[in-house]
Amino acid sequence: MLGAEIQVTKSETSASHLQRLFWLLRVMMGLFIGAVVLTMQFTRDWESGWVTANTSYKSFSSAVVKADIGLHIGLAGVNVTLLGNPVNQVNETIDYNEHFAWSFDADYDHSYSEGLEKGLPSPILYVAEKFTTESPCNMHRQYRISGRYASITLWMALCTWLISILLFSMPILLYGGYMLLLTAALMLFSLLFFITARNTPKCPIQFGRASLKTDYGGSFWLTLATGLLCLLLGLGVIILNSVRPQKLKLVFNLDEGKGEKAEGWDKPHLPDESSSSDQDVLMVPLNELCEVTTTQL
């Protein structure tokens with residue numbers, strides 16, 4: 001008897017540790033997905049590129065510097081960086097990082113005009129000029145429209161992620177899985193919107209013989225990975241709910257009572273046999289009831 005009690009205690013302890021592990025994984029996974037969906041709205045490296053070139057430093061100056069020139073495109077604007085190689089040249093510290101926004105409440109051309117007034121280095125103004133509305137490259141319109149649609153779908157993905165968290169906590173696991181699939185679909189659609197601008201023809205950005213070319217950045221790949229993760233998690237919840245519901249309850253730390261209550265959302269409610277039998281017993285003809293009453297009197 002003592003050995004059996006010790007074995008039961010060990011099994012309960014291991015089950016408790018397993019439940020804590022699943023709870024920790026769910027919390028970390030949910031926070032990770034929400035943080036990615038939210039922060040991707042404001043990151044500036046959906047597309048980025050670097051080039052090292054010898055270029056003129058400022059307008060009306062013959063000074064030539066060797067520098068690393070970077071272009072980073074986000075959903076709400078572009079960042080142009082200029083880093084001297086070495087940093088200290090022509091008696092100045094060459095380290096610039098300028099942002100030019102095209103979001104709903106921002107005027108890109110006005111930001112570019114302010115850069116001209118401040119006397120920013122020529123490489124920064126040359127790259128920023130490619131994205132102005134008056135540029136023949138037409139890249140401003142392409143990236144602005146695709147960025148807006150991608151931003152809208154990401155906000156929708158954040159809403160569906162919050163709904164999935166709410167459904168999992170109720171717990172309504174099957175519909176929570178459906179919401180995760182919808183979150184994944186919206187994140188992947190945001191990537192498709194951005195790809196439409198990426199694949200359109202662009203004006204070359206030349207610095208002498210060197211050419212500044214861009215490729216998908218870290219935010220793009222992180223959004224893709226998170227979207228695929230939501231897709232796998234949603235499919236896993238739906239498949240486990242239909243094939244191994246007990247395993248799914250173990251992952252979400254549900255006891256039998258809560259599990260049956262959650263499953264009730266997916267089943268039609270029909271009257272019990274006992275209730276129908278009670279109704280049959282109560283359905284007694286009125287004349288028989290009168291006869292029984294008369295006999296007792």
Side-chain angles (χ1 to χ4, degrees), residues 14-48 72-77 79 99 103 146-195 197-198 214-254 258-259 262:
S14 61
S16 176
H17 289 318
L18 190 61
Q19 288 179 352
R20 292 177 182 177
L21 177 62
F22 283 139
W23 177 84
L24 181 62
L25 289 176
R26 292 201 317 272
V27 170
M28 293 181 62
M29 200 70 67
L31 291 177
F32 172 76
I33 294 173
V36 169
V37 176
L38 182 60
T39 56
M40 290 304 103
Q41 295 277 356
F42 311 103
T43 55
R44 299 172 181 176
D45 61 340
W46 280 69
E47 184 178 346
S48 60
H72 312 281
I73 305 174
L75 300 182
N79 263 59
H99 180 64
S103 56
S146 62
R148 284 186 176 181
Y149 280 111
S151 178
I152 290 172
T153 52
L154 282 179
W155 283 120
M156 294 172 63
L158 182 65
C159 294
T160 55
W161 168 78
L162 289 174
I163 294 174
S164 70
I165 295 297
L166 179 63
L167 291 174
F168 284 138
S169 63
M170 290 181 67
I172 309 175
L173 306 182
L174 180 61
Y175 292 100
Y178 288 150
M179 281 296 144
L180 273 182
L181 286 182
L182 184 55
T183 302
L186 290 171
M187 295 184 72
L188 296 178
F189 270 116
S190 69
L191 297 176
L192 289 177
F193 285 131
F194 189 80
I195 288 173
R198 175 72 173 79
T214 59
D215 202 351
Y216 296 122
S219 296
F220 180 91
W221 296 115
L222 184 57
T223 305
L224 176 61
T226 307
L228 293 178
L229 176 63
C230 290
L231 181 64
L232 292 177
L233 291 176
L235 288 176
V237 169
I238 294 173
I239 293 173
L240 280 179
N241 185 76
S242 59
V243 177
R244 296 286 183 88
Q246 297 301 326
K247 296 288 185 181
L248 187 61
K249 294 175 186 176
L250 177 63
V251 172
F252 284 88
N253 300 338
L254 298 180
K258 292 183 179 179

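Between F42 and W155, the ring-plane angle classifies as perpendicular under the 30° and 60° cut-offs.
When all heavy atoms are compared, the tightest approach of L158 to V37 is N-CG1, 3.6 Å. Contact record, L75 with A150: CD2-CB, 3.9 Å, taken as the closest heavy-atom pair. Here the closest heavy-atom approach between residue M40 and residue T43 is recorded as O-OG1, 3.4 Å. Counting all heavy atoms, side chain and backbone alike, A184 lies closest to C230 at CB-CB, 3.7 Å.
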Item to check | Criterion ring-ring contact (aromatic ring centres under 6.0 Å, His included) on W46 and Y216, from CA distance to verdict | outcome: CA-CA 6 Å; W46 280 69; Y216 296 122; 9.4 Å; no
Checklist entry - Between F194 and T223, does a side-chain contact (heavy atoms from CB on, under 4.5 Å) hold up when you go through it step by step? => result CA-CA 12 Å; F194 189 80; T223 305; over 6 Å; no
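Without hydrogens or angle criteria, Q41 side chain to S151 main chain gives a donor-acceptor distance under 3.5 Å. Judged by distance alone, with hydrogens and angles left aside, the side-chain atoms of T39 form a donor-acceptor pair with the main-chain N or O of A35 at under 3.5 Å. Formation of a donor-acceptor pair under 3.5 Å by the S190 side chain with backbone atoms of M187 is found in this model.
Pairs passing the side chain to side chain donor-acceptor pair (under 3.5 Å) check and including a residue from residues 157-173, sequence neighbours excluded, read T160-T183.
Using a 4.5 Å heavy-atom threshold, the side chains of L229 and M29 count as touching.
With 3.5 Å as the limit, one finds no donor-acceptor pair spanning the side chains of D45 and H72.
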